[in-house]
Number of protein chains: 2
Amino acid sequence: MPANLERAEALYEAVNQLIRVHQFRDRDYICSHDVSVAQCYALETLVKRGPLRLQALADEMYLDKSTTSRVVDSLLRKEYVLKLLDPADQRAIQLSLTPAGEALYHTIHQDLIMEEASLIKDLSPEVIDGTLTLIQQLTKAARARLGS
Amino acid sequence: MPANLERAEALYEAVNQLIRVHQFRDRDYICSHDVSVAQCYALETLVKRGPLRLQALADEMYLDKSTTSRVVDSLLRKEYVLKLLDPADQRAIQLSLTPAGEALYHTIHQDLIMEEASLIKDLSPEVIDGTLTLIQQLTKAARARLGS
DNA sequence: TAATTTATGTTGTTAGTAACAACTATAATA
DNA sequence: TATTATAGTTGTTACTAACAACATAAATTA
């Protein structure tokens, strides 16, 4: 079915373009707030998934524990994250956000959402909702393949 | 209008997730083909925008010329790209693809599109087309902000 | 024409992204 | 008790990417 293939190509190109502009915008914005993109992603994950061990945080972020360890380390130096020792397991640490870390994430998040809102302000709610559904389906399908 | 803000938030989250899974998938696939993501992007740009000077390639990729210079350098060492001197301007170089570079890009591109096709095979053409339109509008709007 | 300015690419430096392997220390299992 | 597995850190390597400084060549101006 050639029509499907053409749609696939068009969608692939479109998503690629979207990824690029989104990334540029987000990187510039995030980096103007004392944290890098990866650091901000770690803050986000801790906001959403609560206190986590390092390995669990790495799993959520699809990153190696060594990479995650260093990202966390820089957040620690900036005092956006706390390391609490687990009394039940001397090896483990519980990572949680400081109030400053939580506040910083919310500031960045809010502003990025305002940006997004101004981007879609002229689009019809129906189209937006349809797109939302498809993007979620695409993501789900793509994620299913990540494991295999 | 709170409804719009909620939509913006949902869309922002969805796009973020999409970006992450797309990136993982693409990176794994591209890196199994002897080139890095940035190198592949340079190949793509040269395929689509034809022979370019280094500064022009950098502009197309929204990268600094120094970054681009090094990306091109690695493609040169792998013989996927040619540097031709411009007789009219001794400073300038014209970058073009070797047949191997062009072939490599098409191989990667084709396979990534097949992936995308299998992701959307169960979705209705109407929804896909609607999404395509919105993603393109989003991209256009976001790109317009990049300059300012 | 000579001097200054601008444009093209490269190289030095720095910081962030990210994986794999090796390592220490602790916990769990045999 | 000895072995194996788990949690996190550190060493190493490669990629991504910007800014500054530089050499060279072209264009402009005086």
Side-chain angles (χ1 to χ4, degrees), chain A residues 19-20 23-45 51-78 80-95 146, chain B residues 19-20 23-45 51-78 80-95 146:
Chain A
I19 286 176
R20 269 164 203 144
Q23 269 191 316
F24 272 103
R25 189 192 68 184
D26 291 4
R27 179 160 49 83
D28 285 356
Y29 189 75
I30 292 168
C31 290
S32 73
H33 279 83
D34 186 36
V35 285
S36 72
V37 174
Q39 286 161 26
C40 184
Y41 185 27
L43 290 182
E44 178 183 333
T45 308
L52 289 172
R53 287 189 176 187
L54 191 126
Q55 181 65 64
L57 178 61
D59 290 344
E60 291 283 341
M61 296 171 75
Y62 289 91
L63 292 178
D64 191 84
K65 60 186 174 176
S66 64
T67 303
T68 309
S69 175
R70 279 180 253 249
V71 170
V72 165
D73 216 54
S74 50
L75 288 173
L76 221 96
R77 279 196 298 276
K78 293 171 186 171
Y80 292 134
V81 153
L82 280 178
K83 267 185 185 176
L84 298 177
L85 296 173
D86 183 344
D89 185 340
Q90 298 286 99
R91 298 168 302 181
I93 54 174
Q94 280 285 330
L95 298 167
L146 268 186
Chain B
I19 286 176
R20 269 161 205 148
Q23 269 191 317
F24 271 103
R25 189 191 69 184
D26 291 4
R27 179 159 50 83
D28 285 356
Y29 189 76
I30 291 168
C31 289
S32 73
H33 278 83
D34 187 34
V35 284
S36 73
V37 174
Q39 287 160 27
C40 185
Y41 185 27
L43 291 182
E44 178 184 332
T45 308
L52 289 172
R53 287 188 176 188
L54 191 127
Q55 181 65 64
L57 178 60
D59 290 344
E60 290 283 340
M61 296 171 75
Y62 289 91
L63 292 178
D64 190 84
K65 60 186 174 176
S66 64
T67 303
T68 310
S69 176
R70 280 180 252 250
V71 169
V72 165
D73 216 54
S74 52
L75 288 173
L76 222 96
R77 279 196 298 276
K78 293 172 185 170
Y80 292 134
V81 153
L82 280 178
K83 267 184 184 176
L84 296 177
L85 296 172
D86 184 343
D89 186 341
Q90 298 285 100
R91 298 168 301 181
I93 54 175
Q94 279 286 329
L95 298 167
L146 268 186

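Below, chain A is the first sequence line, B the second, and so on; all start at residue 1. All of these numbers come straight from a predicted model, not from anything done at the bench.
Applying the salt bridge (charged side-chain N to carboxylate O under 4.0 Å, His left out) rule to pairs touching residues 82-94 of chain A yields A:Arg53-A:Asp86, A:Arg53-A:Asp89, A:Asp89-A:Arg91, sequence neighbours excluded.
The interatomic distance linking A:Asp28 (CG) with C:dG16 (P) rounds to 15 Å, in whole Å. Rounded to whole Å, atom C1' of D:dA7 lies 14 Å from atom CG of A:Leu52. Counting to the nearest Å, the P atom of C:dT10 and the CG atom of B:Leu75 are 13 Å from each other. In this structure, CG of A:Leu84 is placed 16 Å from C1' of D:dA7, rounded to the nearest angstrom. Across the protein-nucleic acid pair, A:Gln90 atom CD and D:dT9 atom P stand 15 Å apart, rounded to whole Å. Here the P atom of nucleotide D:dC15 and the CG atom of B:Asp73 are 12 Å apart, to the nearest Å.
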Using a 4.0 Å heavy-atom cut-off, write out nucleotides 1-9 of chain C from 5' to 3' as B (base contacted by protein), S (sugar-phosphate only) or - (no contact).
------BBB
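Residue whose closest nucleotide on DNA chain C sits further toward the 5' end, between A:Pro87 and A:Val71: A:Val71.
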Test A:Arg20 against B:Tyr41 for side-chain contact (heavy atoms from CB on, under 4.5 Å), laying out the working first.
CA-CA 11 Å; A:Arg20 269 164 203 144; B:Tyr41 185 27; 3.1 Å; yes
Please determine whether side-chain contact (heavy atoms from CB on, under 4.5 Å) holds for the pair B:Val37 and B:Asp26, giving the CA-CA distance in whole Å, both sets of side-chain angles, and the decisive distance to 0.1 Å.
CA-CA 8 Å; B:Val37 174; B:Asp26 291 4; 6.0 Å; no
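Formation of a donor-acceptor pair under 3.5 Å by the B:Ser69 side chain with backbone atoms of B:Lys65 is not found in this model.
For B:Asp59, the side chain to side chain contact (heavy atoms under 4.5 Å, CB included) criterion is met by B:Gln55, not counting sequence neighbours. By the side-chain hydrogen bond (donor to acceptor under 3.5 Å, both in side chains) test, B:Ser66 pairs with B:Asp64, sequence neighbours left out. Contacts of A:Arg27 classified as side-chain hydrogen bond (donor to acceptor under 3.5 Å, both in side chains), with partners at least two apart in sequence or in another chain: none.
Between B:Leu54 and B:Leu95, the shortest heavy-atom distance links the atoms CA-CD1, 3.9 Å.
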Within the sub-3.5 Å range, which N or O atoms of nucleotides 18-20 of chain C have a protein N or O partner, and how far apart are they?
unit_1	atom_1	unit_2	atom_2	d
C:dA19	OP2	A:Asp64	N	3.0
C:dA19	OP2	A:Thr67	OG1	3.3
C:dA19	N7	A:Thr67	OG1	3.2
C:dA19	N6	A:Arg70	NH2	3.3
C:dC20	N4	A:Ser66	OG	2.7

